[in-house]
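Reviewing the structure listed below.
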Amino acid sequence: MKIQITSDGRSLSLRIPTGLLFSKPMVWMGLKFMKKSSSYAAQYIPENAKGKAEDFLNNLPEEAVYALCAELRHIRKKYGSWELVDVRSSGGESVKIIL
């Protein structure tokens with residue numbers, strides 16, 4: 001995965017191994033971290049919101065997340081690079097995320 005950020009003539013490019021990022025142990029750690037930090041983030045969610053982050057994360061099956069990450073690894077292996085995000089502002093800044 002490659003993340004490119006460009007702003008005011010400066011450029012930053014980060015490369016993260018796709019296999020490492022979407023591996024089962026990393027996804028497991030990410031899910032645990034998100035579930036633990038969702039209670040802290042709940043204070044910033046408006047009270048009239050339909051659902052809470054804690055409810056969403058607790059009802060999210062881990063097998064579905066693992067399947068999504070496995071599919072992203074498969075897409076990367078089969079098709080090569082794939083542009084996930086390309087955002088450009090009117091001020092000239094841009095952010096690109098390429099799988």
Side-chain angles (χ1 to χ4, degrees):
M1 177 178 280
K2 185 171 154 184
I3 302 171
Q4 294 176 326
I5 304 168
T6 307
S7 173
D8 299 330
R10 294 182 180 168
S11 179
L12 175 67
S13 182
L14 303 171
R15 291 183 180 266
I16 304 168
T18 304
L20 175 67
L21 185 65
F22 295 121
S23 67
K24 202 168 189 175
M26 290 295 287
V27 172
W28 178 83
M29 283 187 349
L31 282 172
K32 296 298 177 191
F33 175 75
M34 287 189 313
K35 286 180 182 180
K36 187 170 240 174
S37 64
S38 67
S39 60
Y40 300 116
Q43 63 185 340
Y44 300 108
I45 297 174
E47 291 184 19
N48 59 357
K50 288 186 178 181
K52 298 288 184 188
E54 295 169 351
D55 297 336
F56 172 74
L57 289 172
N58 288 333
N59 293 331
L60 182 66
E62 290 184 10
E63 294 82 21
V65 178
Y66 295 146
L68 174 67
C69 292
E71 193 60 33
L72 285 171
R73 285 194 314 268
H74 176 73
I75 288 171
R76 170 74 171 126
K77 188 183 246 184
K78 186 173 182 179
Y79 298 107
S81 65
W82 182 37
E83 192 171 297
L84 297 175
V85 175
D86 187 8
V87 178
R88 298 172 194 266
S89 72
S90 61
E93 296 92 8
S94 73
V95 175
K96 236 184 221 188
I97 300 177
I98 302 169
L99 183 66

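All values reported here derive from a predicted model rather than from experimental measurement. Residue numbers start at 1 and run along the sequence shown.
Residues V27 and L21 come closest through the heavy atom pair CG2-O, 4.3 Å. Taking each heavy atom of S94 and R88 in turn, the nearest pair found is CB-CG, 3.9 Å. Q4 approaches S13 most closely through the heavy-atom pair CG-OG, 4.0 Å.
No side-chain heavy atom of I98 sits under 4.5 Å from any side-chain heavy atom of L84. A 4.5 Å side-chain heavy-atom check between M34 and M29 finds every atom pair outside the cut-off. When side chains are defined from C-beta on, L99 counts as touching F22, because their heavy atoms get closer than 4.5 Å. M26 places a side-chain heavy atom less than 4.5 Å from the side chain of L20.
L72 and Y66 fall into different hydrophobic clusters, where Ile, Leu, Val, Met, Phe, Trp and Tyr residues are linked whenever their side-chain heavy atoms come under 4.5 Å apart, directly or through other members. F33 is not connected to L68 by any chain of hydrophobic side-chain contacts under 4.5 Å among Ile, Leu, Val, Met, Phe, Trp and Tyr, and they are in different clusters. In the hydrophobic clustering of this structure, W28 groups with L31; members are Ile, Leu, Val, Met, Phe, Trp, Tyr whose side-chain heavy atoms approach within less than 4.5 Å, directly or through other members.
Salt-bridge formation is not detected for the pair E71/R76: no Lys NZ or Arg NE/NH1/NH2 atom is positioned less than 4.0 Å from an Asp or Glu carboxylate oxygen.
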Subject >> Worked check of salt bridge (Lys or Arg N to Asp or Glu O under 4.0 Å) between E83 and K2 >> reply: CA-CA 9 Å; E83 192 171 297; K2 185 171 154 184; over 6 Å; no
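Expressed to the nearest 0.5 Å, how far CZ of R10 lies from CD1 of I5 amounts to 13.5 Å.
With hydrogens and angles ignored, the 3.5 Å screen pairs a side-chain donor or acceptor of T18 with a backbone N or O of M1.
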